[in-house]
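In what follows, a structure is listed as structure tokens, so that the remarks can point back to it.
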Amino acid sequence: MAEGEVALSIAGLIGYLAVAYVIGRLLVGVFVPYPSSLLRVTSPLLGGSALGIVLWIYGAVHIPWNPLTLLLPWFGAAIVRRKHLLRAFREDWQGVATEIRFLSQLGPLELVLAVATVVMGAVYLLNLVTQPVLGWDAIAMWLFKANLYYTQQAVDLGPISTDIRRNLDYPPLYSLMVASMYTITGHLDDILGKSVTYLFFLTSVLGFLTEVRGFLGRQLALTFTFLVAAMPIFLPAIFSFPYMGWADYPVATLMLISLLHLVHGNRTGDRASFSFAIVFASLAALTKNEGLSFLAVILIVLAAPSVVTSIRRKKMIVPSIPLIAVVLLSLAPLIAWQLYLKLNGIQSARVVGEQSVHDLLVLLPGKVIATVRAIRAQLSFQSDYPWIASGYILSLGLSALSRSLLALPLVAIVSLQAASYLIVYLVTPLDINYLVSVTFDRLMLQLAPSIVLLLAIAIVPYLATPSDRPDRPGQMSALEPAVRRSPVGGEVSR
Amino acid sequence: MTPARRATFLRRVTIVFVTAWAVRSLIVSGDAVLHEHMGSALSTSPWVIQASAGDGFEQSLVRIRTSIPSSDRVDVVWNNPPDYYYAYFWSTFWLFPRKVTVLGDFEPAQLSRADVLVHVRLHNAPTADVIGFTVLDVYTFPDYIVTTYRRDG
């Protein structure tokens with residue numbers, strides 16, 4: 001029966017989400033005894049990523065990929081940590097019950113947005129498990145690699161090493177997460193496999209709402225969250241089929257969640273948040289190469305206050321051991337991937353080509369004009385681009401006038417990430433019209449959630465009336481002072 | 001303008017902008033969702049939908065994958081595909097894990113290594129009579145005719 005097939009697929013996806021949630025809570029509990037709401041809500045994405053990375057390790061040491069080998073160790077860990085896990089489940093259930101009570105206090109517009117968000121989420125779930133696989137990158141790269149990894153039960157690009165158009169240098173995390181869905185369900189189902197994207201949707205929307213409610217009023221928090229959930233630019237990735245099974249939406253949500261943790265750390269002084277900002281940035285870098293520049297920018301922005309302080313005090317600030325451990329653990333899979341590429345002679349796509357710096361500078365004015373023309377050809381007032389651009393410009397203006405210490409790091413990160421995309425356009429040896437036509441929409445998709453967060457932060461210093469204030473008393477006092485503490489922690493060396 | 005009035009002005013501008021953005025998103029995305037055929041999505045097997053999505057070549061691959069052994073070596077023969085890489089990537093994906101080669105014509109040296117041939121042609125193109133192979137299936141679509149052949153013996 002067709003209805004049975006669809007119900008089974010939905011059950012399979014829900015089962016995957018449940019497994020990711022349990023593993024995520026287990027992992028978080030090891031490192032953070034009392035995690036924040038944001039960390040609890042975003043932990044399922046850590047769990048889903050862990051499933052993929054474990055498969056990678058299994059492949060390297062020739063452990064078979066099947067439901068037993070993948071889930072049994074976690075089941076054992078859950079038994080050992082059962083008291084902690086049960087406490088975690090009780091905490092999360094209390095959080096859910098609080099949210100349900102919160103729903104009953106919503107005004108009409110807020111209720112419309114909340115209901116619309118839930119309905120959109122349900123439709124996305126249905127479409128991700130039923131819509132056909134048609135997108136170019138899904139068929140040529142992401143889902144093809146998932147099938148390859150699952151079939152050979154290892155991450156081995158050897159059989160396709162001559163297929164350079166499959167972007168062999170792209171990191172394996174998304175394909176491994178799809179393969180983990182195959183492993184858990186016990187069979188290869190391309191249509192169901194792409195539904196792992198739902199984990200990214202759910203985590204990013206819930207994480208965003210959880211965090212912004214700490215500093216925005218109820219109505220504004222829901223309005224911004226609705227944007228993150230339902231902006232039309234996301235529809236091709238989670239509703240209709242063009243980008244289903246592609247990795248741009250996952251990268252966008254990982255970048256957003258990393259920034260949410262950064263904001264949380266700056267707001268509350270919770271140093272674990274900075275560690276998780278790096279973890280999620282590393283996962284973005286393990287998903288697509290655009291995540292590498294994002295990770296670099298995050299590390300620079302996090303380290304900058306400590307470097308400045310070191311220079312001023314003329315003494316070295318030593319990062320805390322836990323932070324060093326987190327950074328190294330986060331970078332380990334990335335380093336392993338780069339080593340794998342080097343050892344197997346797989347080259348990264350050339351951004352710069354054979355041009356010398358002198359040639360690039362000579363060609364730069366012409367490239368700028370060509371790039372602007374190519375981007376202008378993509379712009380349409382019927383698309384989200386004018387709204388995203390306006391949101392970004394408004395955020396810049398608000399942040400510049402308020403000089404908010406919360407907003408400025410985000411302005412730097414989002415601007416530098418956008419600049420890195422622009423630099424690629426300016427130095428690429430490829431035809432710029434072609435490159436912009438096939439990448440602009442997806443790069444904007446990657447930036448869109450971060451720009452919404454940036455605007456949400458930028459408005460905070462201007463919130464003054466009681467209706468704008470957040471629901472929870474005492475939060476406003478956490479806004480500024482925490483920012484001045486060094487995120488790196490540790491003591492000034494003597 | 002005093003700082004307080006400026007702050008109030010900027011707050012109002014931002015709230016109006018964000019609200020307008022959200023309403024616009026609700027209208028555009030909501031319209032897409034309302035036009036979604038939820039009933040048919042729930043009552044139709046996803047693989048039935050997949051098998052009728054895309055062009056004739058794509059639809060044929062979804063059917064061929066269930067009709068030939070996974071160890072077969074496959075040659076896809078397509079004289080003038082819209083894009084070579086479209087033929088290559090789609091064949092290798094849907095026929096995975098089979099070894100697939102995409103050819104522009106029937107090449108005897110290459111054919112000697114294949115277990116199955118997939119011939120894609122337009123309606124006005126002649127059928128192929130391939131020595132050493134027997135017709136397995138013919139899939140007719142409005143745009144293409146896709147014929148599969150199995151090696152004799």
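Lettering follows sequence order; numbering is per chain, from 1.
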- Message: So, taking the atom named OG1 in B:T14 and the one named CG in A:L455, what distance separates them when rounded to the nearest 0.5 Å?
- Response: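 One gets 6.0 Å once the value is rounded to the nearest 0.5 Å.
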Given that the side chain runs from C-beta out, which part of [X] has a heavy atom under 4.5 Å from chain B: side chain, backbone, both or neither?
{"X": "A:L143", "result": "both"}
{"X": "A:L148", "result": "both"}
{"X": "A:L398", "result": "side chain"}
{"X": "A:F144", "result": "both"}

I want to check something: taking the side chain as every heavy atom from C-beta on, are B:I15 and A:I459 in contact at a cut-off of under 4.5 Å? yes
Side chain, backbone, both or neither: which part of [X] has a non-hydrogen atom closer than 4.5 Å to chain A?
{"X": "B:A51", "value": "neither"}
{"X": "B:D55", "value": "neither"}
{"X": "B:W94", "value": "side chain"}
{"X": "B:S52", "value": "neither"}
{"X": "B:F96", "value": "side chain"}

Only pairs of heavy atoms separated by less than 4.5 Å count here; which of [options] has the most with chain A?
{"options": "B:G54, B:A32, B:G30, B:P97", "value": "B:A32"}
{"options": "B:Y88, B:W90, B:Y86", "value": "B:W90"}
{"options": "B:A20, B:A4, B:P3", "value": "B:A20"}
{"options": "B:S29, B:A53, B:A41, B:S25", "value": "B:S29"}

Against chain B, residues from residues 221-230 of chain A with at least one heavy atom under 4.5 Å, in numeric order, are A:T223, A:F224, A:F226, A:L227, A:A230
*Between B:Y85 and A:R165, is there a cation-pi geometry (under 6.0 Å to ring centre, at most 45° from the normal)?*
yes
Next item on the list: Measure up the B:F89 and A:W136 rings against each other and bin them: parallel (under 30°), tilted (30 to 60°), perpendicular (over 60°).
Entry: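 B:F89 and A:W136: perpendicular rings.
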Give a yes or no on whether the backbone of A:Y462 and the side-chain of B:R11 come within a donor-acceptor separation of less than 3.5 Å. yes
Determine yes or no for a side-chain-to-main-chain donor-acceptor pair under 3.5 angstrom, with B:Q50 supplying the side chain and A:V133 the backbone. yes
*Return the minimal non-hydrogen interatomic distance between A:V6 and B:T44, and the atom names on each side.*
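In terms of heavy atoms, the two residues are closest at CG2-O, 3.8 Å.
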Scanning both residues in full, the closest heavy-atom pair of A:Q382 with B:R24 reads O-NH2, 2.6 Å
